[in-house]
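Worth saying up front: this structure is predicted, and the values here are computed from it rather than measured.
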Amino acid sequence: MPAEPDVVIVGGGLAGLAAARRLHRAGVSWRLLEAGDRLGGRVATDTIDGYLIDRGFQVLNTAYPRLGTLLDLATLDLGWFTPGVLVRRGEAVARLVNPLREPAGAAGTALADVGSLRDRLRFAALATGCATLPPGRLLDAPETTAEGALRRAGLSDAIIEELLRPFLSGVLVDRALETSSHVLAMVLRSFARGRVGVPAQGMGALPRAIAAPLPADLVELRTPVAEVGPHRVRTQPGELRCRAVLVAVDPPTAGTLLPALGRVRMHAYTTYYHATDTPPLDEPILLVDGDRRELVANTVVLSQAAPTYAPAGRHLVATSVVGPSVPPEPVVRAELARLYGRPTADWEHLTTVEVPAALPAAPPPQGRLRKPVALGGGLFVAGDHRDSPSIQGALASGWRAAGAVLAELRVQG
């Protein structure tokens, strides 16, 4: 290990790992310092009584462009979700699916009692445009909020409030839908073009797979960084000199290490995990609340997508709530009985995972979703607060920041 590497990467989340992969490929010397005891940052999986518990309900979309650069998705053994959603309204549950991926469900989707047929046709046109237009065209379009974009597309209050707000609030971690319409366009593009799933060994398998080609002796865990400056990093053992510092920690910590970035507002997300012998649904599909009660964002039987998430003969239900308030588990359990239309009293509450800083807020203006990563003086920054608030944004920003480092060092890669 070089005493003074060319580059020190601070943070071993997805952005830091993507940066390390590009720097390693280019042949520059680097070292990665991670404060925690494992890599992955906000993407992690724990095991409780044989159940895989992700750090909040998360999914992987195969349409994320940067994934293919960094790993072979087949190695993750993904379990797939149904390309659609269930909507609970009163005593009925409507099933809406992507007819391009599930043609057999097209008729039921057209007749579903959620919004009007005109609404569904207009939303299909919006999603198709996002899927087929070049990304540059989408990002050059006049920018508004996500809700503004839905209303600009002519969608009624009924379909927005009964389907799109609950669904998108879980994706954007933003119940108010104040997120930029440019972010929304990229989200709709990824859902229209990709498949959604979870790795057989939990979402924590993603950072492990990205890190696998990296030499282990260049990664230092349990090494918090106290201060960064031009060409230097200070840790508890002392100061490390280098030609460039790339800060790839979570947004609040990045703001502390790099005060010039300013404060990054974060959205909170809480996921309740329950175990049961009998699954409340017989397919891996997201269920949302169309009754406008605004408590549960979504709920899903994870083990229907990936049976490895639960011990044999058991099932794992993940239920997510958006916002800083954390409702008591019995209140959530009662909502689940209403949503699934069956008793939940015998369900086992495994844990509640609170993520106060789940995703950075991305209100307009976001422009082309690429904030500066080169700060001058040999300092660089990466993270989903520099691109889109997503797994793709974290990976893309890390790759882009590494490219900026290489340009400054005048190295091809």
Atom CZ of residue position Arg137 - does it have more than 12 heavy atoms of other residues, nucleotides or ligands inside 6.0 Å?
no
Answer whether the closest heavy-atom distance between the side chains of Arg152 and Thr144 falls below 4.5 Å.
yes
Can you see which heavy atom on Arg368 is nearest to which on Leu139, and at what distance?
O-CD1, 3.7 Å
Roughly how far, to the nearest 0.5 Å, is the CD atom of Glu220 from the CG atom of Leu33?
5.5 Å
Would you please test Leu96 and Val87 for side chain to side chain contact (heavy atoms under 4.5 Å, CB included) and show each step?
CA-CA 8 Å; Leu96 298 95; Val87 183; 3.8 Å; yes
Within the supplied structure, the quantity of interest is the number of heavy atoms (other residues, nucleotides, ligands) at a distance under 6.0 Å from Arg101 CZ; does it exceed 12?
yes
Tell me, do Val183 and Met186 make a side-chain contact under 4.5 Å, heavy atoms counted?
no
Could you tell me the separation between the CG atom of Asp174 and the OG1 atom of Thr179, rounded to the nearest 0.5 Å?
3.5 Å
Can Glu102 and Arg95 be counted as an ion pair, charged N to O under 4.0 angstrom?
yes
Angle between ring planes, Phe57 versus Phe81, binned at 30° and 60°: parallel, tilted or perpendicular?
perpendicular
Got Val381 and Leu258 here, is their nearest side-chain heavy-atom distance under 4.5 Å?
yes
Within the side chain of His182, is there an N or O that forms a donor-acceptor pair under 3.5 Å with the backbone of Ala141?
yes
Any chance the side chains of Thr270 and Glu354 put a donor and an acceptor closer than 3.5 Å?
no
Less than 4.5 Å apart, side chain to side chain, heavy atoms only: is that true for Leu17 and Leu39?
yes
Would Glu161 and Arg89 pass as an ion pair if we require N to O under 4.0 Å?
no
Glu34 (side chain) donor-acceptor with Leu221 (main chain) under 3.5 angstrom
no
Without swapping roles, check the side chain of Gln304 against the backbone of Leu281 for a donor-acceptor pair under 3.5 Å.
yes
Does the side chain of Arg66 pick up a donor-acceptor pair with the side chain of Thr69 at under 3.5 Å?
yes
Give the intermediate values and the outcome of side chain to side chain contact (heavy atoms under 4.5 Å, CB included) for residues Leu295 and Val331.
CA-CA 9 Å; Leu295 176 63; Val331 172; 3.9 Å; yes
Strictly distance-based, threshold 3.5 Å: is any side-chain N or O of Glu283 a donor or acceptor partner for the main-chain N or O of Ile285?
no
Does Glu147 come within less than 4.0 Å of Arg165, counting only side-chain N to carboxylate O?
yes
Rounded to the nearest 0.5 Å, what separates atom CG in Leu67 from atom CG in Leu395?
6.0 Å
Any side-chain donor-acceptor pair under 3.5 Å between Thr223 and Thr235?
no
Measure the acute angle between the ring planes of His349 and Tyr272, then classify it against the limits of 30° and 60° as parallel, tilted or perpendicular.
tilted
So, taking the atom named CG in Asp6 and the one named CZ in Arg31, what distance separates them when rounded to the nearest 0.5 Å?
12.0 Å
Looking only at atom types and distance, does a side-chain atom of Arg120 sit under 3.5 Å from a main-chain N or O of Ala110, one as donor and one as acceptor?
yes
Note: Asp291-Arg88 ion pair, threshold 4.0 Å (strictly below)
no
Donor-acceptor contact present, side-chain Arg22 to main-chain Trp399, <3.5 Å:
yes
Nearest non-hydrogen partners of Leu257 and Val225, listed with the distance:
CD2-O, 3.9 Å
Heavy-atom closest pair, residues Ser181 and Pro142
OG-O, 4.0 Å
Contacts of Arg333 that satisfy salt bridge (Lys or Arg N to Asp or Glu O under 4.0 Å) - sequence neighbours left out:
Glu329
Would you say Arg55's side chain and Met203's backbone share a donor-acceptor pair under 3.5 angstrom?
no
Exam field: side chain Thr344 to backbone Leu336, donor-acceptor pair closer than 3.5 Å:
no
Return yes if some donor-acceptor pair links the side-chain N/O of Asn61 with the main-chain N/O of Ser190 below 3.5 Å, else return no.
yes
I would like to know whether Arg400 and Asp387 meet salt bridge (charged side-chain N to carboxylate O under 4.0 Å, His left out); could you show each step before the answer?
CA-CA 10 Å; Arg400 183 163 61 94; Asp387 281 71; 2.7 Å; yes
Looking at Glu227 and Arg232, is any side-chain nitrogen of the basic one under 4.0 Å from a carboxylate oxygen of the acidic one?
yes
Tyr273 and Val317: CA distance, side-chain angles, deciding distance, side chain to side chain contact (heavy atoms under 4.5 Å, CB included) verdict
CA-CA 6 Å; Tyr273 288 97; Val317 180; over 6 Å; no
Measure the CZ-OG1 distance between Arg195 and Thr62 for me, rounded to the nearest 0.5 Å.
7.5 Å
Can you find a side-chain donor-acceptor pair between Ser180 and Glu143 that sits under 3.5 Å?
yes
Do the non-hydrogen side-chain atoms of Ile391 and Leu14 ever get within less than 4.5 Å of each other?
yes
From Thr319 OG1 over to Leu302 CG, what is the distance, rounded to the nearest 0.5 angstrom?
9.0 Å
Nearest heavy-atom contact between Asp289 and Pro166 is O-CG, 3.7 Å
Looking just at side-chain N and O atoms, do Ser116 and Asp119 make a donor-acceptor pair shorter than 3.5 Å?
yes
Do Val198 and Leu78 have side-chain heavy atoms sitting under 4.5 Å apart?
no
How close do Arg151 and Asp157 get, heavy atom to heavy atom, and via which atoms?
NH2-OD1, 3.3 Å
Can you see which heavy atom on Arg386 is nearest to which on Ser397, and at what distance?
CB-CB, 4.2 Å
Do Ser388 and Ser390 have side-chain atoms, one donor and one acceptor, less than 3.5 Å apart?
yes
Within the structure provided, determine whether Arg234 and Val228 are in side-chain contact (heavy-atom separation under 4.5 Å).
no
Determine whether Met266 and Pro251 make a side-chain contact, defined as any pair of heavy atoms from C-beta on separated by less than 4.5 Å.
yes
Let me see the working for Leu184 and Leu168 under side chain to side chain contact (heavy atoms under 4.5 Å, CB included), right down to the final yes or no.
CA-CA 9 Å; Leu184 174 66; Leu168 290 171; 3.9 Å; yes
Does a side chain donor of either Asp54 or Tyr309 reach within less than 3.5 Å of an acceptor in the other side chain?
yes
When you compare the side chains of Tyr51 and Arg314, does any donor N or O come within less than 3.5 Å of an acceptor on the partner?
yes
Given 3.5 Å as the limit, does a donor-acceptor pair link the side chain of Thr253 with the main chain of Val249, or not?
no
